[in-house]
Every structure is written in C-alpha cells, then in structure tokens.
There are 2 protein chains.
Amino acid sequence: MTTGKKLIVAASALLDSGGEEAVTLRAVAHASGISHNAPYKHFKSRDALLAAVATADFVALTEAFKAVHQRRANASGKLMQALKVVVDFSVQHPARYRLLFNDPAIAAQKGELEQTAIAAFAEFLAIVMECQAAGTLPDAPNTTIAGLLFATMHGLIALEANGRMHPEKGLHGVENGLEVLIQLLAPVISS
Amino acid sequence: MTTGKKLIVAASALLDSGGEEAVTLRAVAHASGISHNAPYKHFKSRDALLAAVATADFVALTEAFKAVHQRRANASGKLMQALKVVVDFSVQHPARYRLLFNDPAIAAQKGELEQTAIAAFAEFLAIVMECQAAGTLPDAPNTTIAGLLFATMHGLIALEANGRMHPEKGLHGVENGLEVLIQLLAPVISS
DNA sequence: ACCTGAACACCGTTCAAGT
DNA sequence: ACCTGAACACCGTTCAAGT
C-alpha cells in the first residue's frame with residue numbers, strides 16, 4: 001500500500017475511534033509509521049488529507065447506490081434502501097459522515113471531492129427518477145424531489161445526532177421519519 | 001455590562017466575523033479587555049462559553065417564534081414565517097447557526113442549553129399544531145410532523161451551506177424547497 | 001522523491017501570586 | 001472575587017538537511 005493510501009486509512013480509523021479532533025497529523029503519521037511532518041509530502045495540509053478521506057467515502061457511497069439501483073426490487077423499496085445506506089453509514093461512522101455533509105472547511109475544497117459528491121448525488125437521483133416513473137413519488141422536478149428527500153434524511157440524522165428534538169417520543173428514529181415522509185408524499189399523485 | 005456577558009457578546013461577534021476557528025479564548029479575552037486566561041473565572045472552558053452563546057441564541061429564537069405565533073395571520077403563513085426566521089438566522093449568522101444544530105461538542109452539554117433548545121422547539125410545535133387544527137398539515141402525530149418540517153429545513157440549510165446538491169438548478173434556495181414540501185403535504189388531508 | 005529533526009507561532013488550560 | 005504573568009503540553013506548518 002502506498003504511503004498516501006496508508007495515511008487515508010489511518011485518518012479514517014482515527015475519525016472512527018476518536019472523532020475529528022483525534023485526527024492530528026502527528027497521530028496519523030505515527031499510525032502510518034512515518035515522522036510527524038512527512039504527511040506534507042503527500043497532502044498539502046490537514047484539510048487536504050480529510051478531503052481525501054471524504055472523496056474515498058463518496059466513491060464508496062456511489063458504488064453502494066449503484067448496487068441498490070441495479071437490484072431487482074420495486075422502486076420505493078430501492079429508495080428506502082438507498083436512504084438506509086446513508087443512515088447506516090452515519091451511525092457507524094459519524095465523524096466521517098460529518099466530513100461528507102457537515103464540514104464547511106472540507107466542502108470548500110473544489111476539484112476531485114466536488115466531482116465525486118456530484119456523482120454520488122446523480123446515482124441517488126436515478127433511483128428517485130425510477131420512483132417517479134413508477135408513480136410512487138410526486139411528478140415535481142426530479143432534482144427538487146431528490147433534494148428534498150436527501151435534505152430531510154440529512155436533517156433527521158443531524159438533529160438526532162445532536163440529541164435535539166426528542167422532548168417526547170413521536171419521532172423515534174430517522175428511518176421512521178423517512179417512512180412517514182414517503183408515505184405522506186406517495187398519495188399526492190393519486191389525487 | 002457584566003464581564004460574563006461581555007465575553008458572550010465578544011464570542012458572538014467573533015463567530016460572525018471569522019467562524020468558529022476565530023473564537024480563541026485569547027481573542028475573546030482581548031476583545032473584552034481582560035487577560036487571556038481571565039475567561040476561566042467566568043466559564044469552565046471554551047466549550048462552556050460557546051454553549052452560553054448557543055443558549056442566548058436559543059432564547060432569542062424562542063422569542064421570535066412566540067412573536068410569530070401571536071401574529072394575526074393564517075396558520076400556514078405563520079409556519080413559513082417561523083421557518084424563515086431560522087433560515088434568515090442561518091444566513092446572517094452561519095457559525096452561530098452551526099453551534100445550535102450542528103455541533104456535537106456543544107450539543108453534548110446538558111443543563112440550561114438543553115432546556116432552552118427544548119423550549120424553542122415547543123414554541124415551533126405550537127405553530128405546527130395550529131396548522132394541523134386549520135387542516136393545512138397532515139393529521140399525523142404533531143411532534144412527528146414538526147420534526148419532519150424542522151429536519152427538512154435543517155437539511156436544506158446544511159446542504160446549501162455545504163454547496164452540495166446543485167448539479168443543475170431545480171432546488172434553488174432553501175425557501176423554495178420548503179414551499180414545495182408544504183404544498184406537497186397540504187393536499188394529503190383532502191384525499 | 002521521500003524522509004527526518006529542529007524550530008516557529010499558535011492554542012487551551014493550569015497555577016502561583018497579586019489587589 | 002477577580003485579575004495577571006509565566007508556564008505546560010499540544011497543534012499545524014515550515015525549513016534545512018540527510019539518503
């Protein structure tokens with residue numbers, strides 16, 4: 001494994017075990033068996049390394065969406081599965097999820113990261129369009145509906161991760177919220 | 001003005017002008033005219049100071065919701081106005097908005113911060129219930145609908161702030177997305 | 001090309017001491 | 001009670017030097 005790849009893996013592991021604050025270049029370098037400033041030969045800065053982690057995760061997400069899309073199942077089922085892929089990722093890798101969708105310093109990076117993010121959304125969009133063709137999602141512009149669904153999922157994840165919005169029960173769990181939304185949206189087209 | 005209050009104001013100003021990374025205790029102390037370590041006599045840590053900023057903003061948000069709720073207007077209009085209050089805050093004070101709903105280190109703080117957050121949501125919930133009574137929102141559990149609306153708004157804000165989800169047009173602006181959602185939800189009850 | 005050790009400027013936080 | 005100066009352990013980043 002190349003040193004650059006080793007640094008990405010080490011940074012990912014540190015994100016999983018200790019959150020973003022645990023990802024110091026010194027810790028990443030030490031975990032990769034090199035001196036504390038050697039990472040600068042592979043990445044321009046700490047943010048560039050984190051962007052590389054995010055890029056790798058966007059690529060993996062795109063692959064996962066593609067796999068769901070190619071499954072033999074009804075469109076609505078695939079949509080829920082695609083959303084569940086992201087929800088599961090956010091639960092198992094919260095710090096890395098935040099890097100993808102909640103980090104302004106990382107999001108500011110253009111180039112490869114931006115391209116992989118767009119590719120991931122495009123694959124999600126394809127599943128949404130299949131739902132629209134099947135008549136289980138409203139006939140509004142596809143990017144609008146896809147954006148709304150993704151935003152709602154993201155909002156539910158963020159608010160749950162932040163512990164907000166549980167004064168009582170009612171909204172127990174992200175998946176429940178998404179199911180309610182999709183059920184509420186579905187009948188619209190039959191009216 | 002008490003020194004503690006002065007520190008909160010200085011921290012808020014630094015958040016607005018330079019983002020969270022600009023809020024060093026040294027800069028806050030200097031702006032407040034005290035030595036770099038004097039803040040520790042007023043706040044247990046940097047996170048405790050940021051939590052105090054968030055608490056003050058939650059209180060202000062609660063007051064704004066209350067003012068909207070008491071207005072003489074139709075329920076749907078008040079709902080959009082309440083959402084707009086938050087959207088505007090996120091645009092004018094992005095770093096402080098992130099502190100309220102996107103910061104795990106701050107969210108972990110219990111106590112007064114948690115109480116004011118719950119109070120703000122309760123006031124938002126009251127507006128949602130008015131919409132349900134007026135028949136412009138579905139009759140699902142009120143906290144579920146309120147949670148969905150707030151989560152969608154939050155997700156749209158976060159994704160727009162992160163520059164994600166604009167491969168083309170379609171979802172131009174947070175308010176447009178919210179209007180589409182509310183319109184899609186409204187007809188459900190008449191079916 | 002890739003790595004190393006030393007150094008710089010910055011932090012959050014602690015502590016002994018002053019008034 | 002409130003403040004101060006000095007200090008500690010940590011960072012990201014840079015640089016001259018080695019192989």
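Just the heavy atoms: all of them, side chains too, but no hydrogens, waters or symmetry mates, feed the values below.
- Figure legend. D:dA7 is base-paired to C:dT13; pairs are counted as Watson-Crick or G-U wobble with both atom distances under 3.5 Å.
- Atoms NZ (B:Lys44) and C1' (C:dT14) sit 15 Å apart, rounded to a whole Å.
- Of all nucleotides listed (C:dT4, D:dT4, D:dC11), D:dC11 comes nearest to the side chain of A:Arg26.
- Base contact: B:Ser35 has a heavy atom under 4.0 Å from a base atom.
- The distance between the ring centers of A:His93 and A:Tyr97 does not fall below 6.0 angstrom.
- Taking side-chain N and O atoms only, A:Thr3 has a distance below 4.0 Å to OP1 or OP2 of C:dC3.
- Atom CG of B:Leu25 and atom C1' of D:dC11 are 16 Å apart (whole Å).
- A straight line from CZ of B:Phe43 to P of C:dT13 spans 13 Å, rounded to a whole angstrom.
- For A:Met129, the CE atom counts as loosely surrounded, since its 6.0 Å shell holds 12 or fewer non-hydrogen atoms of other residues, nucleotides or ligands.
- Atom CG in B:Leu14 sits about 15 Å away from atom C1' in C:dC11, given to the nearest Å.
- Side-chain atoms of B:His42 lie closest to D:dC3 of the nucleotides C:dG12, D:dG12, D:dC3.
- Within a 6.0 Å sphere centred on CD of A:Glu179, heavy atoms belonging to other residues, nucleotides or ligands number more than 12.
- Put simply, CD on A:Glu21 is 13 Å from P on C:dG12, counting in whole angstrom units.
- Shortest non-hydrogen contact noted between A:Thr152 and B:Thr152 is OG1-OG1, 2.8 Å.
- Backbone-only engagement by B:Val23 is indicated by non-hydrogen atom pairs under 4.0 Å involving sugar-phosphate atoms exclusively.
- Residue B:Ile34 is the one, among A:Ser45 and B:Ile34, whose nearest nucleotide of DNA chain D lies closer to the 5' end (criterion: closest heavy atom).
- Under the Watson-Crick or G-U wobble criterion, with both distances below 3.5 Å, D:dC2 is paired with C:dG18.
- One interatomic measurement links the two molecules: NE2 of A:His30 to C1' of C:dT4, which rounds to 15 Å at whole-angstrom precision.
- Each of B:His36 and B:Lys41 lies near DNA chain D, and the nucleotide nearest B:Lys41 is the one positioned closer to the 5' end.
- In this structure, the ring of A:Phe58 has its center less than 6.0 angstrom from the ring center of A:Phe101.
- Of the candidate nucleotides D:dC3, C:dT14, C:dT4, C:dT14 has the atom lying nearest to any side-chain atom of B:Tyr40.
- Between the CZ atom of A:Arg46 and the P atom of C:dC11 there is a distance of 16 Å, rounded to whole Å.
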